[in-house]
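Notes for the one structure printed next.
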Amino acid sequence: MPTPTKGPRLASGPAHQKHLIKGMIASLIIEDRIRTTEAKARLVAPYAEKLVTLGKTDTLHARRQALKWITDDDLVHKLFAEVAPRFHDRNGGYTRILKLGPRKGDAAPMAILEFVEETAAAAAPKETEAARKRRLGRRKTETTEEAAKPKARSRKAKDEDADDSAAPAEAEETEAKATPVEEAPAEAPNDDSDDSKENE
């Protein structure tokens, strides 16, 4: 395996850094590509290439050496049965690093570490446009299908329409209140009774 470089490590200590490398190698074998910082990608790439070289020589000894860095038996089998056979005509350079630019927050330079073979990209499930934009940290834009569909009306617009429909009914009620209701004339007092009282 590649010897560690002198200088500061990427983790709190040698054991922690080894666990970090093991985890990233496992993710690379599962997904065929990982998104990480450039420093970690440069650190993991030589280990991944060495494991692919071991996978090309499918022997018991090679599998036991691979188990030092991949602790899952299923992933070792995938390395030897699926990943390594893709590169049987290639003598090295199994991975590549694609730079993505600074990360939001701490401006750490980000990169994608992936296998270079075209068959690896074909075997992996196709990434949707939304997943790609989410991965790259860009804002999701409307697709042509979404633009063709009528947009859902906002709650505020619905409330305004309800107010507009209620306005004519309110106007009718105010008009009804404004027009005076004709009252029946009050009955005039009976003059005959008054005259009869006077005569008495």
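Only a predicted model underlies this, so the values are computations on that prediction, with no experimental measurement involved.
- Not counting sequence neighbours, the partners of Arg90 by the side chain to side chain contact (heavy atoms under 4.5 Å, CB included) test are Phe87, Tyr94, Val116, Glu117.
- In terms of the side chain to side chain contact (heavy atoms under 4.5 Å, CB included) criterion, residue partners of Lys18 (sequence neighbours excluded) are, by chain and number, Lys22, Trp69.
- Put simply, the side chain of Glu49 never gets that close to the backbone of Gly92: no donor and acceptor are under 3.5 Å apart.
- Pairs passing the salt bridge (Lys or Arg N to Asp or Glu O under 4.0 Å) check and including a residue from residues 54-65, sequence neighbours excluded, read Asp58-Arg63.
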- [ ] Mind running side-chain contact (heavy atoms from CB on, under 4.5 Å) on Lys40 and Ile34 for me, showing each step along the way?
- [x] CA-CA 11 Å; Lys40 289 179 183 176; Ile34 54 174; over 6 Å; no

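- Side-chain atoms of His88 come within 3.5 Å of backbone atoms of Pro85 as a donor-acceptor pair (strictly under, hydrogens ignored).
- Taking CE from Met110 and OG1 from Thr36, the interatomic distance works out to 6.0 Å, rounded to the nearest 0.5 Å.
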- [ ] Check the pair Thr95, Glu114 against side-chain contact (heavy atoms from CB on, under 4.5 Å), reporting the backbone distance first and the verdict last.
- [x] CA-CA 5 Å; Thr95 59; Glu114 64 181 2; over 6 Å; no

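- The side chain to side chain contact (heavy atoms under 4.5 Å, CB included) search around Asp106 returns Arg103, Ala108, not counting sequence neighbours.
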Show every donor-acceptor pair shorter than 3.5 Å between a side-chain atom in residues 73-80 and any protein atom, with sequence neighbours excluded, or say none if there are none.
residue: Lys78; atom: NZ; partner: Ile29; partner atom: O; Å: 3.1
residue: Lys78; atom: NZ; partner: Ile30; partner atom: O; Å: 3.2

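- Atom CD1 of Ile112 and atom CD1 of Ile97 lie 11.5 Å apart (nearest 0.5 Å).
- Applying the side chain to side chain contact (heavy atoms under 4.5 Å, CB included) rule to His61 yields the partners Thr59, Gln65; only residues at least two apart in sequence or on another chain are considered.
- At distances below 3.5 Å, not a single donor-acceptor pair connects side-chain atoms of Glu38 with backbone N or O atoms of Ala111.
- For the atom pair CD1 of Ile25 and NZ of Lys50, the computed distance is 12.5 Å after rounding to the nearest 0.5 Å.
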